[in-house]
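One structure is given below, encoded as structure tokens.
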Amino acid sequence: MYDPTTLEEKWQAYWAARGINEPDMDGAPNPFFNLMMFPYPSAEGLHVGNLYAFTGADFHARYQRLRGQNVFEPIGFDAFGIHSENYALKVNAHPMDLIPRSIANFTRQLKRSGIMFDWSHTVDTTDPDYYRWTQWIFLQLYDAGLAVKKEAPVNWCPSCKTVLANEQVEGGKCERCGTEVGQRLLSQWFFRITEYVERLLANLDWIDWSPSTLTAQRNWIGRSEGALLRFLLAGDRDDKLEVFTTRPDTIFGATFMVLAPEHPLVDELTSEEQRAEVEAYRSAAAAIDLVERRKADDRTKTGVFTGGYAVNPATGENIPVWIADYVLMEYGTGAIMAVPGHDQRDFEFARQFGLRILPVVAPADVFAGLSDPSSVELDLGDEAFVEHSDDERLINSSEFSGLLASEGSERIVEWLGEQGLAEPKVNYRLHDWCISRQRYWGPPIPILYCDACGTVPVPEEDLPVVLPHLENFKPGDDGIAPLAKDESFYRVTCPSCGGAARRETDVSDTFLDSSWYFLRYPSADFDDRPIDPARTERWLPVDMYIGGEEHAVLHLLYSRFITMALHDLGHVPFEEPYLRFRKHGLIIRDGAKMSKTKGNVVNPDEYIDRFGADTFRTYLMFLGPYQEGGDFRDSGIVGPQRFLSRVTDAAEAAVVEGAVGFPDAAVERAVHQTIRQVTDDFASLSFNTAIAALMELLNTLRASGRVPTLDEIRPLVIMLGPIAPHLAEELWEQLGGESSLFDHASWPTFDPEKLATDTVEIPVQVNGKLRATISLERGAGEDAAMSAALADESVQRHVAEGSIRKTIYVPDRMLNLVVTS
RNA sequence: GCGAAAGUGGCGGAACCGGUAGACGCGCCAGCCUUAGGAGCUGGUGGCCCGAGGGCCGUGGGGGUUCGAGUCCCCCCUUUCGCACCA
């Protein structure tokens, strides 16, 4: 009888009482750090998506453990941040009251889910004992010159008079009051992640991660090689306009320039006649939120002529300078040389405003049979010619005409470089990481501003800078953080000169909290140091990290950067934090992402109450390939439930009967085949097929018409361990095994000799169509196969339609007869 | 628009290196058992045709390579996810 409730309570109590899931942190001989992305503890409770992620990671952890690894599987809570803060504002409560309740609820839910967390090493990012060290990391980076203050724009709602996070902007409007969101410049703290960009990129070549995640990181970093070109302003002006281009070979086709509306040289360039129009365009552009502007799917080009001109350094011609919002201030130099012949956006812009379009590159076939390549003309039609090939050549480019574009590119940069007008340049999409938040619910940035001493870091011994309990923690007026309203917080004396000083009142980004939590886990029981060297040496870097693709970019990149920086500062002995990373898929329901508004959210508690954690785990992992996700359907869960119930019946019957050995060669073979299959599947996180293979083995055992022997059922029970740990533990005990299964059983191995059958069934095809299957001795030769095949009536009939022209025989695989009439 | 992945029964999904498509599960059908229950057990289940021996069709669509294609190549369509004018 399968009674999950009693059994699960029994084993959860057993594991907790004996510390079964707490490895010996200082002596484990085979340490294995199995990490999953720690959750944000929402007030709604554990989402089935969390549980899906954790369950797959736990399957892997328990599998590694049965293979003899000392697995450390910790959990924690990423509890700072805007989600918690907004929720607290919404329900009119305080995050300091809400978060502990949410964490307690999550803990309760997680403890009944059967995941082998080590509850003696948890972290909570909102605990001063944790964020003390988050602040310590800030100071380490500050001392190393990697934390700097710069001006940067933030989203600003003029009605609420508040700074908005990108998540709070919907369609360019404030999500609360619907007012158009604008931009404001604020002085903020940045981490100089761009200093590490080449290393962050280079290491992607060797870390063992899901390929799509590697691609996402590369795209995010967005390295592109090109050149920086300088255009003198027309007239006797000293300033130069710098542009970045990946196509310096097309400079002879640069017939105008475009600046981002907020570009600093716009004022100087703008003529009196154009000033009003330019100003109007600039303020309109400034009113649109940056993020929304990038998402705009209306691609009609807009822009305004400044009235100013620049000199094309290659042709010496004066070319008009425009402003347009398709040029982004934050990429490259915020200005471009427009080459309408070879850039589709420039082409559209030129069409829109009647600007000159000059093709300067032509594909190889245009040159075919021409003796003088400089005379080539290219008709563009309705599109820019943007294809890039190895054999295209320059045209209309003075003495460079006729050169291969790649060669021309180098020669032009060289030529202009001699005049100080060009240099090779690598540009990145990645920007420095802004960690300042003008919000309340985060760790205060540990910096003081003193009139006499300037910017002063908080001395290490004064950490943590504790976040005070503010009654009114709403984001403040004028872009000032909530903490700026608490005088007792910000008014301090300077530790250096003893004079009056003011604390930094911004808090740091949640991504900083999560950028190092895995470093903290093994050392979580030390309160006098963030990262214990011996623990770190033993447990880190992380052996396996499993998480969602939604963090493929920011979290993973930031934590790689922080790890690298800490490595360079001598705090950790490695520079890549996660040796392996595997993404898991998304669980959906009724073909749609689960969300409260759709009303299709699954509450894990209900299912665990009804079916037990083991059945729920099995179902979650059975519903689709773990790395791709799957569709949650209520009706499907009875399959796993029946399976576990039948395993119980079979094992209990085997115990009563007490038979041993392998009386049946076919069953023995099935056991070995299953061990091989399930082992392979676990290694590749193919949990759905692993479960299917175990179901198949059980079907085989049942089909034998007798009670299975103890030896036949034992491997099944052990392999069930990672899947349904409570039940496996129970059955293992009944089979006479010493508890815990996870300490005393080891993963079964298969004997390759037991896998093979003496005879094989192979298909016989005639002209590629299946006509029969024949039974042959393993390794039988072609002659034997032929005679067996020709003995088959159906084969005879189809062969009789002509004569056999050819036979293809793959021993033990198939036989194909090619017949023509 | 760019990038990534994917299109297979009524449904979720299997299929190693090109070699018996549909494993496993849900659902459905039939039967058994039964102190009728949404329990358990046994068998069946891609579609169409049928003379009951088989035959034909079938992995989004169209071409191709091959003795043989869900799998490889080309073109097209659709869906999901990520990024969004990246010069």
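Letters A, B, ... mirror the listed sequences (proteins, then strands); counts begin at 1. The analysis underlying the following values was restricted to heavy atoms, covering all of them including side chains, and did not include hydrogens, waters or symmetry mates.
The side chain of I336(A) lies closest to rA87(B), out of rG12(B), rA23(B), rA87(B). Taking the side chain of V818(A) as heavy atoms from C-beta on, and the options rA23(B), rC67(B), rA87(B), the nearest nucleotide is rC67(B). Of the listed nucleotides (rG19(B), rG12(B), rA87(B)), rG19(B) has the atom at the smallest distance from the side chain of M814(A).
The six-membered or imidazole ring of F256(A) lies near that of F349(A), with a centre-to-centre distance under 6.0 Å.
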Using a cut-off of under 3.5 Å, enumerate the N/O to N/O pairs linking the protein to nucleotides 2-8 of chain B.
residue	atom	partner	partner atom	Å
rG3(B)	O2'	N219(A)	ND2	3.2

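Taking the side-chain hydrogen bond (donor to acceptor under 3.5 Å, both in side chains) definition, one finds that T215(A) meets it with nothing, sequence neighbours left out. Under the ring-ring contact (aromatic ring centres under 6.0 Å, His included) criterion, Y52(A) pairs with Y626(A), sequence neighbours left out.
Using a 4.0 Å heavy-atom distance criterion, R223(A) is classed as making no nucleic acid contact. Base engagement by I808(A) is indicated by at least one non-hydrogen atom pair under 4.0 Å involving a base atom. Within 4.0 Å (heavy atoms only), N699(A) reaches sugar-phosphate atoms of the nucleic acid but no base atom.
A cation-pi arrangement is found for K301(A) relative to Y326(A), the charged atom lying closer than 6.0 Å to the ring centre and inside a 45° cone about the ring normal. The cationic atom of R560(A) (NZ for Lys, CZ for Arg) lies less than 6.0 Å from the six-membered ring centre of W209(A) and within 45° of the ring axis.
Checking side-chain atoms of D812(A) against main-chain N and O of R778(A) turns up no donor-acceptor pair under 3.5 Å.
Side-chain N/O atoms of R771(A) include one lying less than 4.0 angstrom from OP1 or OP2 on rG55(B). Residue R702(A) places none of its side-chain N or O atoms closer than 4.0 Å to OP1 or OP2 of rG40(B). For the OP1/OP2 pair of rC86(B) and a distance below 4.0 Å, the side-chain nitrogens and oxygens of H431(A) include no atom meeting the criterion. Using a 4.0 Å cut-off, no side-chain N or O of R646(A) falls inside it from OP1 or OP2 of rG40(B).
Taking a 4.0 Å limit (strictly below) on heavy-atom distances, residues 759-767 of chain A reaches RNA chain B at E761(A), P763(A), Q765(A). Using a 4.0 Å cut-off on heavy atoms, the residues of residues 674-689 of chain A that approach RNA chain B are N688(A), T689(A), listed by number.
Spacing between atom NE2 of H551(A) and atom C1' of rG82(B) amounts to 13 Å, rounded to whole angstrom units.
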Exercise. So what is the 5' to 3' dot-bracket string for RNA chain B, if pairs are Watson-Crick or G-U wobble with both distances under 3.5 Å, crossing pairs use [ ] and | means the partner sits on another strand?
Worked result: (((((((..(((......[....)))((((((.......))))))((((....))))..(((((..]....))))))))))))....
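Side-chain contact annotation: D432(A) with T194(A), donor-acceptor N/O pair under 3.5 Å present.
Between E225(A) and R223(A), at least one side-chain nitrogen of the basic residue sits less than 4.0 Å from a carboxylate oxygen of the acidic one, meeting the salt-bridge criterion.
Taking each heavy atom of L355(A) and P320(A) in turn, the nearest pair found is CD2-CG, 4.2 Å.
An anti orientation is assigned to rC74(B), its glycosidic angle lying beyond 90° of 0.
The 5' end of RNA chain B is approached more closely, in terms of each residue's nearest nucleotide, by I637(A) than by the other of I637(A) and D649(A). Comparing R429(A) and N816(A) by the nucleotide of RNA chain B whose heavy atom lies nearest to each, the residue mapping closer to the 5' end is N816(A).
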